[in-house]
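Quick notes on the structure that follows.
Side chains are part of it too, since the values below use all heavy atoms of this structure and drop only hydrogens, waters and symmetry mates.
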Amino acid sequence: TAVSVPAPSTVFAPLNAAPPVLPEASSVAGQPDRPTIDRPLRVLIVGDSVAQTMGRGFERWGPDHNLAVWNRALYYCGFGRDGLYQLGVSASAPSEACRSWPDRFAESVQRFDPDLTVGLVTFWDALPRLLPGRADWVTPGEPAFDEWLHGEYVAVTNALTSHGGRGLWLTIPCNQGEAQSDYYAAVNEVIRGVARERADVMSVLPADRLLCDPPDALVNARGDDGAHFTEAGADAFAVYAGPAVRRLADRKSTRLNSSH
């Protein structure tokens, strides 16, 4: 007799490693150089494993809402490239795969040309750092740390919007059932500061407010570790946040048409 194996509640992988296959954009009759928005809007997802588990919900939600979603979030990776981070009692450098986001993002933007990129990094960018040229560790909320992270996040924003798309950055939510971390709160201020500086291309979705005091639809959206989205939780989050994502993605395509 076959044994029924329950589906895992959290899956650490995108639904599809390759970008969605997109139809060729049509054009206005007599104006072949003028693309229309009669195509799926393209949404790229980047960040760490929390973003990866969240992104699976958008991958499933997208096709029924005219969104082509490519989930390129990477397990164990933040955006901060420099120095050492302190995790528990050990100090480690970000892996080469994590540090090479400039090449990975350039390839993603060139290949997929996203209308919107959704980014989320949680604790990897909120850990104490020993930055190059310093003898002391610095933590989120200290000027040296915040200035360094601000520079990294501006560079990420520039890379992901280099083809004219927009960015949507999620703030770091508290772990489910816990109070917000001071380190997370400090990183969220950096995110909001970059958004104010680059308001022309970047918006913020306040996931800290949305998930720390969640509406009924998002209660228990994350798994046993309190951070990663369950499959059902990712689907619920996509339903809740998807319309805002779609509106922001549509702004690039609308601007593209109105410029001709």
Side-chain angles (χ1 to χ4, degrees), residues 5-17 19-20 42-65 67-79 87 97-98 101 108 114 116-127 156 160 167-181 183-185 187-188 191 203-249:
V5 178
S9 62
T10 300
V11 178
F12 295 100
L15 286 181
N16 298 291
R42 296 182 289 259
V43 175
L44 177 68
I45 294 176
V46 298
D48 61 9
S49 56
V50 177
Q52 190 180 77
T53 58
M54 176 200 73
R56 290 174 61 86
F58 283 102
E59 288 181 271
R60 285 186 288 265
W61 186 85
D64 289 337
H65 297 84
L67 289 186
V69 179
W70 191 13
N71 186 353
R72 294 215 80 185
L74 200 59
Y75 200 74
Y76 282 143
C77 279
F79 294 148
L87 184 57
C98 298
W101 64 250
S108 299
L116 179 72
T117 298
V118 178
L120 170 63
V121 169
T122 55
F123 79 99
W124 294 106
D125 284 345
L127 296 170
V156 169
L160 291 171
L168 176 64
W169 210 302
L170 275 63
T171 53
I172 311 177
C174 58
N175 282 349
Q176 190 164 268
E178 299 179 9
Q180 179 64 299
S181 153
Y183 286 178
Y184 284 7
V187 171
N188 288 341
I191 292 170
S203 302
V204 173
L205 193 159
D208 54 339
R209 299 169 189 166
L210 186 59
L211 290 170
C212 294
D213 184 18
D216 290 345
L218 298 179
V219 172
N220 298 323
R222 292 172 290 167
D224 292 341
D225 65 2
H228 297 92
F229 286 80
T230 64
E231 290 284 84
D235 289 341
F237 190 79
V239 169
Y240 199 91
V245 167
R246 197 187 185 290
R247 283 193 299 273
L248 283 171

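Nearest approach of Ile172 to Asn188, heavy atoms of both residues: N-OD1, 2.7 Å. When all heavy atoms of Leu168 and Leu205 are compared, the closest pair comes out as CD1-N, 3.7 Å. Minimum interatomic distance between Gln52 and Tyr75 (heavy atoms only, all atoms of both residues): NE2-N, 4.0 Å. Leu211 and Arg222 make their closest contact through O-NH2, 3.6 Å (heavy atoms, listed as atom of the first residue, atom of the second, distance). What you find for Leu210 and Leu218 is that their closest heavy atoms are CG-CD1, 3.9 Å. Listed here is the closest heavy atom pair of Leu120 and Thr171: CD1-O, 3.8 Å.
Residues Leu87 and Trp124 have side chains in contact (heavy-atom distance under 4.5 Å, counting atoms from C-beta outward).
To the nearest 0.5 angstrom, Gln176 atom CD is 5.0 Å from Asn220 atom CG. Glu231 contributes atom CD, which lies 7.5 Å from atom OG1 of Thr10 (distance to the nearest 0.5 angstrom). Put simply, OG1 on Thr117 and CG on Leu248 are 11.5 Å apart, with the number rounded to the nearest 0.5 Å.
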TODO: May I have the step-by-step check of side-chain contact (heavy atoms from CB on, under 4.5 Å) for Phe229 and Val50, ending in yes or no?
DONE: CA-CA 7 Å; Phe229 286 80; Val50 177; 4.0 Å; yes
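Checking side-chain atoms of Glu59 against main-chain N and O of Asn16 turns up a donor-acceptor pair under 3.5 Å. Between the Trp70 side chain and the Ala17 main chain, a donor and an acceptor come within less than 3.5 Å of each other. Remark: side-chain polar atoms of Asp48 are not paired, donor with acceptor, to backbone N or O of Gly78 under 3.5 angstrom. Between the side chain of Asn71 and the backbone N or O of Pro14, no donor-acceptor pair lies under 3.5 Å. Listed for the Arg246 side chain is a donor-acceptor partner under 3.5 Å among the backbone atoms of His65.
Ring orientation note: the planes of Phe237 and Phe58 are nearly perpendicular, at an angle over 60° on the 30°/60° scale.
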